[in-house]
Undergrad: 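Pasting a structure here, questions to come.
Chain letters run A, B, ... following the sequence lines, proteins first and then strands; every chain starts at 1. Note that the structure is predicted; figures quoted are calculated from it, not measured.
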2 protein chains.
Amino acid sequence: MVLEFVKALAHESRLRLLGLLASREHSVQQLAAVLSLKEPTVSHHLALLREAGLVSLRQDGNTHWYNLQIKSLSRLARALASREQLETFAGGPIDAPEDRVVRNYLTRDGRLKSFPSTRKKRRPVLAWLARQFDEGRRYTEAEVNELIERRHHDRETFRRELVGHHMLARKDGVYWRLPESEWDV
Amino acid sequence: MVLEFVKALAHESRLRLLGLLASREHSVQQLAAVLSLKEPTVSHHLALLREAGLVSLRQDGNTHWYNLQIKSLSRLARALASREQLETFAGGPIDAPEDRVVRNYLTRDGRLKSFPSTRKKRRPVLAWLARQFDEGRRYTEAEVNELIERRHHDRETFRRELVGHHMLARKDGVYWRLPESEWDV
DNA sequence: CCATAATTTCGATAATCATCTAATTAGATA
DNA sequence: TATCTAATTAGATGATTATCGAAATTATGG
């Protein structure tokens, strides 16, 4: 999502479009005239900005009036200013889990809100976390911590629980993911 | 400047790099391993991020440790959240001068407010204007006027002063930019 | 001063993307 | 319906850039 945002911003013409829309709404013709571009080109850029949710469209007759969506920009700005949210970028595109329980424990940017206090909810949440690890690969403790921290700051609790539920195994400081058949129910 | 920032952000690999650096410093090798990219590729991305001022480099032996420059991101975030700053994007890229004196003489859209009445301020302002010309290129008087008029309507005064300060030279109606070493102090 | 290790630079290739013209859609008007 | 206007879509072209392997660079340690 963030990637789509910044990609939409990452072109001179589109930045200038946003600049123009920041002061007032414009039609495609107007924008094309100011930027010395052809209408199809402007239309193309506006489509990208719209897909990213950065501008909105109001149609009147056959004139299309474009407006800046300042809220989207504010949301992006907050994401860029927060170290926590930045860390979530590391994981690449997020795999939204089907499980409702797990989804309720995830923030919009794919981080865990907390360690589940309800005992029943622990297994699905931990299972989801365990699946972030590759099967058949070995991890140092630092690597385990790094992967966990992508989802929650409390690496100690989650690492201990993953091992406790037999989702991760550990020997001589090396960790690996166990097959799902061995996980606690 | 903002364009350079967002361009640097606008790639999945680079966003993920920032995400990793948000939690702690990393070497090139480490980053390459996590992202499954070759070192030259990561090096390339880091160079872009560094030029934009988004990451910094600490060298120890022949290992390069990269760190996130959270301040740059905060600055960018503020720019995106403010309507006023957004409006300045409309004007296209203005080569924002570092010099405070010059900045005070520029409108938001990169034009000169006036010819400096204070004698001391003339040199930096004229130097900035002179740098709008390419070195080693020859200009007709019409071309000189056109370039100056982009920055101020009074082409006569500025053209005369540029020549007077030995920033531009003229012979047989042809102008060219002189090396900075020859400019009046 | 040679060997090694980590990184960067170089050069080539392939993919992505911005821009244009021409053709098409959709609304308004007569 | 015919026509005019504003915008979008399609298709083609050229420019930018991500990635990699190979070569060059830089620092360390015998």
Undergrad: On the nucleotide dT8(C), are OP1 or OP2 found under 4.0 Å from the side-chain N or O atoms that Tyr66(B) carries?
TA: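 Answer yes for this pair, as a side-chain N or O of Tyr66(B) is under 4.0 Å from OP1 or OP2.
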
Undergrad: For the side chain of Pro40(A), counting heavy atoms from C-beta on, which of dT19(D), dT7(C), dT8(D) is nearest?
TA: dT8(D)

Undergrad: Is a donor from one side chain sitting under 3.5 angstrom from an acceptor on the other, for Gln85(A) and Arg78(A)?
TA: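 The criterion, which ignores hydrogens and geometry beyond distance, is not satisfied for Arg78(A) and Gln85(A).
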
Undergrad: The side chain of Gln59(B) is closest to which nucleotide in this list: dA7(D), dA27(D), dA18(C)?
TA: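 For Gln59(B), the side-chain atoms sit closest to dA27(D).
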
Undergrad: Between Ser82(B) (side chain) and Ala79(B) (backbone), is there a donor-acceptor pair under 3.5 Å?
TA: no

Undergrad: CG/Leu15(B) to OG1/Thr88(A) distance, rounded to the nearest 0.5 angstrom?
TA: 9.5 Å

Undergrad: Test ring pair (Phe, Tyr, Trp, His ring centres under 6.0 Å) on His26(A) and Tyr66(A); report intermediate values, then the result.
TA: CA-CA 6 Å; His26(A) 286 75; Tyr66(A) 282 89; over 10 Å; no

Undergrad: For Asp60(A) and Thr63(A), which I'm curious about, is there any donor-acceptor pair between the side chains at under 3.5 Å?
TA: no

Undergrad: Under the side-chain contact (heavy atoms from CB on, under 4.5 Å) test against Leu112(B), which residue among Leu106(B), Val102(B), Leu126(B) passes?
TA: Leu106(B)

Undergrad: Would you kindly compare Asp60(A) and His11(A) by the position of their nearest DNA chain C nucleotide and give the one closer to the 5′ end?
TA: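 With Asp60(A) and His11(A) compared, the 5'-side residue is His11(A).
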
Undergrad: Salt bridge check: are Arg58(B) and Glu25(B) linked by an N-O gap of less than 4.0 Å?
TA: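 Glu25(B) and Arg58(B): salt-bridged.
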
Undergrad: Per the end-axis method with five pairs at each terminus, what is the bend angle of the helix from dC1(C)-dG30(D) to dA30(C)-dT1(D), to 10°?
TA: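 Helix axis angle between the two ends: 20°.
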
Undergrad: Is Thr41(B) near enough to dC20(D) that one of its side-chain N or O atoms lies under 4.0 angstrom from OP1 or OP2?
TA: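 For dC20(D), OP1 or OP2 has a side-chain N or O of Thr41(B) closer than 4.0 Å.
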
Undergrad: If we ignore angles and hydrogens, is there a donor and acceptor under 3.5 Å between the side chains of Gln69(B) and Ser56(B)?
TA: yes

Undergrad: What's the closest nucleotide to the Asn62(B) side chain, out of dT7(C), dC20(C), dA6(C)?
TA: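 Of all the options, the side chain of Asn62(B) is nearest to dA6(C).
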
Undergrad: Using only side-chain N and O atoms of Ser13(A), determine if any of them is under 4.0 Å from OP1 or OP2 of dT19(C).
TA: yes

Undergrad: Among dC20(D), dT7(C), dA10(D), which nucleotide has an atom closest to any side-chain atom of Lys38(B)?
TA: dC20(D)

Undergrad: For Glu182(A) and His166(A), test the side chains for any donor-to-acceptor distance below 3.5 angstrom and give the result as yes or no.
TA: no

Undergrad: Using a heavy-atom distance cut-off of less than 4.0 Å, which residues of residues 43-51 of chain B contact DNA chain D?
TA: His44(B), His45(B), Leu48(B)

